[in-house]
Protein chains: 2
Amino acid sequence: MNNELSKSERTRRFILEKTADIFNTKGYAGTSLADLTEATGLTKGSIYGNFANKEDVALAAFDHNLSVVIQAVQERMQQAPTYYQKLFVYSQFYYDSIRTSFPVGGCPILNTAIEADDTNSLLKNRAAKAILSWKKNIVDLIKAGVASGEFRTDVDPDQTALSIIALIEGGIMIARVTNSLTSLDKVLKTVEMLLVQLKV
Amino acid sequence: MNNELSKSERTRRFILEKTADIFNTKGYAGTSLADLTEATGLTKGSIYGNFANKEDVALAAFDHNLSVVIQAVQERMQQAPTYYQKLFVYSQFYYDSIRTSFPVGGCPILNTAIEADDTNSLLKNRAAKAILSWKKNIVDLIKAGVASGEFRTDVDPDQTALSIIALIEGGIMIARVTNSLTSLDKVLKTVEMLLVQLKV
DNA sequence: TCTCAAATATACCATTTGGTATTTTGTTTC
DNA sequence: GAAACAAAATACCAAATGGTATATTTGAGA
């Protein structure tokens, strides 16, 4: 078979697709190898033929979960014409996200950051890089909006970017733990207020 | 011995004081009974004589961690004369909190909410109640400020309260995972901006 | 179609897990 | 000081844990 992907590459992806939700829901420590074999229908031998160890699967599962979210956000963002509307996509995305339970288990960055910040430096670094990349993305959009004359020149891009991320992640935490969709809605209104304040 | 507390009550507290940081750092799933015996110097028999099971210790440890934080906040808040300054205490407290690494492992509400929201309903309920009580506290302060003429009458207490909590918790997550104290500082500036907007 | 490597399954391992029944120790109370 | 009770330690358990060496199967290329 001269397929696009090799056999091992296909099973690697298969394993990640079947286990990514589990890691995101139960966490690294809470997910066992039995969970992985049960979810995939594969055996430990097969999993350890494609991954070095449990941590290696968790790292790849995080990358998988993250890329799925990033892709979904970027698809919407490309269609937004103004920088304000591009930034507004975050608010829209997470408004939908909490309603469709996507991704299963909540935001992988948040989940991984909280569990790993004191226990697993590799996972922690992954989450940290994701946050910094997200922040840079917002900062770049704000700066571009300032350069284009769409936004005020006296804005603090770092503060705004970090506050948007904090509001979203904090809002997700509140909404999920209290089973209250409207809690996130209200927090997202503050995100939108921050965006309005950017405008000239 | 006719002490204030009974023997069992004293060992219960001793166990909680010695293990609260561990649960807050490693999480419920990541903390083993061996961790508990090692930290206390006691044996499993002793721990299970004072608690029904591991979950029971975790629940009590959460209560302990939470009460320590609440007490520290309330002490400062009582000394603040105006409602604005009372609300400002949150910003001050978490500014200090991240610098003194108090509590060890970060915010217990955040940690517990993220781990337990899909895995442990008892712990989840504890975290949810803590969030709702915190929210009510802020809402009450805002409403009192409105009633006293200190704050505007057109404020949305729910939205402001939830946004303050989201900013703080999201900011803690960002700062801890990226090892960046200034990230939290910037997010707290937005909290302060929300407070300023409350004023008449 | 045969071969051979790659992929997967099997069978096993030591250790750790949460938990308990029983014994020992410590503390009151009479 | 002995009896009665509470608290803690000991010794144990089955099950689950992450991981590995080896056997078997599979499938792709010559």
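As a basis for the values below, the full set of heavy atoms in this structure was taken, side chains included, without hydrogen atoms, waters or symmetry mates. In the text below, chain A, chain B and the rest are named by the order of the sequence lines, each starting its count at 1.
- Distance B/Ile47 CD1 to C/dT20 P: 14 Å, rounded to the nearest Å.
- Proximity of a side-chain donor or acceptor of B/Arg99 to a complementary backbone N or O of B/Tyr95 within less than 3.5 Å is detected.
- For B/Asp117 and B/Lys124, the salt-bridge test fails: no basic side-chain N is under 4.0 Å from an acidic carboxylate O.
- In this entry the distance linking CZ of A/Phe14 with P of C/dT8 reads 10 Å, nearest Å.
- An OP1 or OP2 oxygen of C/dA7 is reached within less than 4.0 angstrom by no side-chain nitrogen or oxygen of A/Thr11.
- Residues satisfying the ring pair (Phe, Tyr, Trp, His ring centres under 6.0 Å) criterion with B/Tyr84, sequence neighbours excluded, are B/Phe88.
- No side-chain donor-acceptor contact under 3.5 Å links B/Thr31 to the backbone of B/Tyr28.
- Rounded to whole Å, atom C1' of D/dA23 lies 20 Å from atom OH of A/Tyr48.
- Side-chain N/O atoms of A/Lys44 include none lying less than 4.0 angstrom from OP1 or OP2 on D/dG19.
- For the pair A/Arg10 CZ and C/dA7 P, the computed distance is 10 Å after rounding to whole Å.
- Using a 3.5 Å distance cut-off with no hydrogens or angles, the side chains of A/Asn24 and A/Asn65 do not pair a donor with an acceptor.
- Applying a 4.0 Å cut-off to non-hydrogen atoms, the residues of residues 20-43 of chain A that approach DNA chain C are A/Leu42, A/Thr43, listed by residue number.
- For B/Gln197, the CD atom sits in a packed shell: over 12 heavy atoms of surrounding residues, nucleotides or ligands are nearer than 6.0 Å.
- One can place NZ of A/Lys54 at 8 Å from C1' of D/dG18, the figure rounded to the nearest angstrom.
- Put simply, CG on A/Asp56 is 15 Å from P on D/dG18, counting in whole angstrom units.
- At C/dT8, one or more side-chain N or O atoms of A/Asn50 fall inside 4.0 Å of OP1 or OP2 (strictly under the cut-off).
- Distances from the side chain of A/Ser46 to the nucleotides D/dG19, C/dA9, D/dA28 place C/dA9 closest.
- Judged by distance alone, with hydrogens and angles left aside, the side-chain atoms of B/Thr112 form no donor-acceptor pair with the main-chain N or O of B/Ile109 at under 3.5 Å.
- The CZ atom of B/Phe51 sits 13 Å away from the P atom of D/dA7 (whole-angstrom rounding).
- Residue B/Gly45 is classed as a base contact, given a heavy-atom separation below 4.0 Å to a base.
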